[in-house]
Amino acid sequence: MSSTELPGVRSTAELSSQVGAVRVAEGEQLRTVALPGLELAVRVRPPLRTGLPPALFVHGLGGSSQNWSDLMARLADTVDGEALDLPGFGWSPPPADRDYSVTGFARAVIRHLDAAGRGPVHLFGNSLGGAVSTRVAAVRPDLVSTLTLVSPALPELRVQKSAVPTALLAVPGVAALFNRLTQGLSAEQRTRGVTELCYGDSSRVTPEGFRNAVEEMERRMALPYFWEAMTRSSRGIVDAYTLGGQHGLWRQAQRVLAPSLLVYGGRDQLVSYRMAHKAAAAYRGSRLLCLPEAGHVAMMEYPEVVAAAFRELLSDTGTGESDRYTADGRG
């Protein structure tokens with residue numbers, strides 16, 4: 001088996017000969033975690049030295065673990081990093097129970113961490129992954145050392161117009177309509193639309209990066225469960241936005257005990273920049289990094305800036321390597 005093949009992912013492996021193999025960056029490894037009713041593809045960035053604290057990275061709607069490759073590479077001297085593909089995304093097949101809710105995804109993250117015994121981790125989340133990570137940190141504080149959220153999907157009263165099509169996917173029948181209306185679009189056209197929506201400046205995507213994204217788009221569109229995963233996950237976000245009481249995302253943000261870093265982009269077309277200060281007030285003792293030129297995926301556009309802010313969080317809160325050595329009884 002070659003280093004680019006991922007064992008154990010049945011539904012996607014059957015298609016790999018037609019739509020390409022898994023792509024891994026230099027220094028990354030891929031493995032499959034099999035749990036009852038759940039199979040997760042996990043992208044691993046081995047640390048540059050032993051003893052570094054563990055970190056877990058959770059992507060957003062329609063994304064994959066690849067979204068974190070640049071940031072993980074820059075933090076290889078700081079954390080022992082893993083990024084998972086949420087069920088139904090990347091190279092993870094759909095969950096057996098077809099639960100694509102924020103709670104269902106949070107449960108998958110918790111099950112992975114419990115099974116691996118890696119907690120507490122430095123937990124990172126982008127967009128949908130930010131909502132999922134918030135829920136994990138609120139209900140299982142023992143699993144989270146710090147929380148870093150890039151444009152987290154939290155309820156907004158005034159949704160940006162550019163985010164409406166994503167929200168409409170939650171409406172029954174709309175996904176099928178979108179599929180019919182966009183059938184004539186090439187993978188390149190679809191990819192260009194996604195990058196223009198998610199990046200503050202799409203010219204920051206390198207030609208090689210764009211070619212890789214087109215290849216990945218072709219692969220995803222060939223998956224039999226692509227629209228199901230997108231539709232049900234969109235519905236899960238909308239449902240999470242409407243929950244009140246202790247299960248509401250804003251209430252859960254207030255329950256997070258871990259030191260938190262919030263990253264917002266001034267050109268974000270999916271999560272409003274105006275939500276940054278409300279979020280900073282909700283997560284107790286949090287710090288806020290605002291990047292005026294960034295879009296929805298600052299960890300991909302400005303990974304070096306996000307990495308520096310994270311290292312500062314570790315330094316200021318004493319949650320880095322030396323702290324872990326003491327906790328492990330090795331310091």
Handout entry: Asp114 bridged to Arg140 by N-O distance under 4.0 Å
Key = yes
Practice task
Mark yes or no for whether Asn126, through its side chain, and Val150, through its backbone, hold a donor-acceptor pair below 3.5 Å.
Solution key: yes
Practice task
Please confirm whether the backbone N or O of Leu48 pairs with a side-chain atom of Asp77, one donor and one acceptor, at under 3.5 Å?
Solution key: no
Practice task
Apply side-chain hydrogen bond (donor to acceptor under 3.5 Å, both in side chains) to Thr103 and Ser101, showing your working.
Solution key: CA-CA 5 Å; Thr103 298; Ser101 66; 4.8 Å; no
Handout entry: Donor-acceptor side-chain pairing of Glu28 and Ser69 below 3.5 angstrom
Key = yes
Practice task
Run the salt-bridge test on Arg45 and Asp80 with the 4.0 Å N-O cut-off and return the result as yes or no.
Solution key: no
Handout entry: Shortest non-hydrogen contact between Gly62 and Phe89, atoms and distance
Key = N-CE2, 3.4 Å
Handout entry: Any donor-acceptor pair under 3.5 Å from Thr195 side chain to Arg192 backbone
Key = yes
Exercise for the section: Say whether, by atom type as modelled, one donor and one acceptor occur between the side chain of Thr148 and the main chain of Thr146 under 3.5 angstrom. Expected result: no
Problem - Arg220 versus Phe226, closest heavy-atom pair with distance - result: O-CB, 3.4 Å
Handout entry: Charged tip of Arg232 within 45° of Tyr225 ring normal and under 6.0 Å
Key = no
Handout entry: Expected output: side-chain His122 to main-chain Thr319 donor-acceptor under 3.5 Å
Key = yes
Handout entry: Under 3.5 Å donor-acceptor, Gln269 side chain and Cys198 backbone
Key = no
Practice task
Treat each ILVMFWY residue as a node, draw an edge where side-chain heavy atoms are under 4.5 Å apart, and state whether Ile110 and Val33 are in one component.
Solution key: yes
Practice task
Inspect the surroundings of CZ in Arg98 and state if more than 12 heavy atoms from other residues, nucleotides or ligands are less than 6.0 Å away.
Solution key: yes
Exercise for the section: To the nearest 0.5 Å, tell me how far Ser145 OG sits from Leu257 CG. Expected result: 12.0 Å
Exercise for the section: Please tell me if the side chains of Ser65 and Trp91 come closer than 4.5 Å, counting only heavy atoms from C-beta onward. Expected result: no
Practice task
Measure from the side-chain N and O atoms of Ser92 to the backbone N and O of Gly88, and report whether any donor-acceptor pair falls under 3.5 Å.
Solution key: no
Practice task
Calculate, to the nearest 0.5 Å, the distance between atoms CZ and CG belonging to Arg274 and Asp268 respectively.
Solution key: 11.0 Å
Practice task
Assign the ring pair Phe57 / Phe124 to parallel, tilted or perpendicular, where the plane angle (0 to 90°) is split at 30° and 60°.
Solution key: parallel
Problem - Intermediate values then yes/no, side chain to side chain contact (heavy atoms under 4.5 Å, CB included), Thr78 and Leu52 - result: CA-CA 6 Å; Thr78 306; Leu52 293 182; 5.7 Å; no
Exercise for the section: Kindly indicate whether the side chain of Leu147, heavy atoms from C-beta on, has any atom under 4.5 Å from the side chain of Leu261. Expected result: no
Practice task
Return yes if some donor-acceptor pair links the side-chain N/O of Thr32 with the main-chain N/O of Ala41 below 3.5 Å, else return no.
Solution key: no
Practice task
May I ask whether Val238 and Leu243 are part of the same hydrophobic cluster, defined by side-chain heavy atoms of I, L, V, M, F, W, Y residues being less than 4.5 angstrom apart, directly or through others?
Solution key: no
Practice task
Could you give me the CA-CA distance, side-chain angles and deciding distance for Leu143 and Val121, then say whether side chain to side chain contact (heavy atoms under 4.5 Å, CB included) is met?
Solution key: CA-CA 6 Å; Leu143 292 178; Val121 299; 5.7 Å; no
Fill in the blank from the handout: Separation between CD (Glu215) and CD (Glu188), nearest 0.5 Å, reads 13.5 Å
Practice task
Determine whether the side chains of Tyr302 and Glu293 contain a donor N or O and an acceptor N or O closer than 3.5 Å.
Solution key: no
Exercise for the section: Begin from the C-alpha positions of Val297 and Asn67 and carry the test side chain to side chain contact (heavy atoms under 4.5 Å, CB included) through to its verdict. Expected result: CA-CA 8 Å; Val297 287; Asn67 296 161; 5.8 Å; no
Practice task
Indicate yes or no: at least one non-hydrogen side-chain atom of Arg287 is less than 4.5 angstrom from one of Glu312.
Solution key: yes
Practice task
Compare all side-chain heavy atoms of Val44 with those of Leu30 and state whether any distance is below 4.5 angstrom.
Solution key: no
Practice task
Please examine the side chains of Ser260 and Leu149, heavy atoms only from C-beta on, and report whether any two atoms are closer than 4.5 Å.
Solution key: no
Exercise for the section: Go through the steps for His296 and Tyr199 under the test ring-ring contact (aromatic ring centres under 6.0 Å, His included), then give the verdict. Expected result: CA-CA 6 Å; His296 191 59; Tyr199 279 70; over 10 Å; no
Handout entry: Nearest-0.5 Å distance that lies between atom CZ in Phe310 and atom CZ in Arg74
Key = 15.0 Å
Exercise for the section: Return the minimal non-hydrogen interatomic distance between Gly104 and Asp99, and the atom names on each side. Expected result: CA-OD2, 3.6 Å
Practice task
Identify the heavy atoms of Gly90 and Arg219 that sit nearest to each other, and give their distance.
Solution key: O-NH2, 2.8 Å
Practice task
State, with a plain yes or no, whether a side-chain heavy atom of Leu288 is found less than 4.5 Å away from one of Ser286.
Solution key: no
Practice task
Identify the two heavy atoms, one from Ala108 and one from Pro87, that lie closest to each other, and give their separation to 0.1 Å.
Solution key: CB-CG, 4.1 Å
Exercise for the section: May I ask you to decide if Ser272's main-chain N or O and Glu156's side chain share a donor-acceptor pair within less than 3.5 Å? Expected result: yes
Problem - Salt bridge present between Arg43 and Glu82 (N-O < 4.0 angstrom) - result: no
Exercise for the section: Examine Met275 and Tyr273 and state if one hydrophobic cluster contains both, with Ile, Leu, Val, Met, Phe, Trp and Tyr joined whenever side-chain heavy atoms are less than 4.5 Å apart. Expected result: yes
Problem - Short side-chain to backbone donor-acceptor contact, Trp250 and Leu154, under 3.5 Å - result: no
Exercise for the section: Inspect the surroundings of CD in Glu304 and state if more than 12 heavy atoms from other residues, nucleotides or ligands are less than 6.0 Å away. Expected result: yes
Handout entry: Flag side-chain contact, heavy atom, 4.5 Å: Val24 against Gln29
Key = no
Problem - Worked verdict on His112 versus Val42 for side chain to side chain contact (heavy atoms under 4.5 Å, CB included) - result: CA-CA 10 Å; His112 169 58; Val42 179; 4.1 Å; yes
Completion exercise
For Ala153 and Val271 the tightest heavy-atom approach is CA-CG2, 4.4 Å
Handout entry: CD on Gln189 to CE on Met217, rounded to 0.5 Å
Key = 11.5 Å
Problem - Beyond-backbone contact of Tyr283 with Thr134, side-chain heavy atoms, under 4.5 angstrom - result: yes
Practice task
Calculate, to the nearest 0.5 Å, the distance between atoms CE and CE belonging to Met72 and Met299 respectively.
Solution key: 11.0 Å
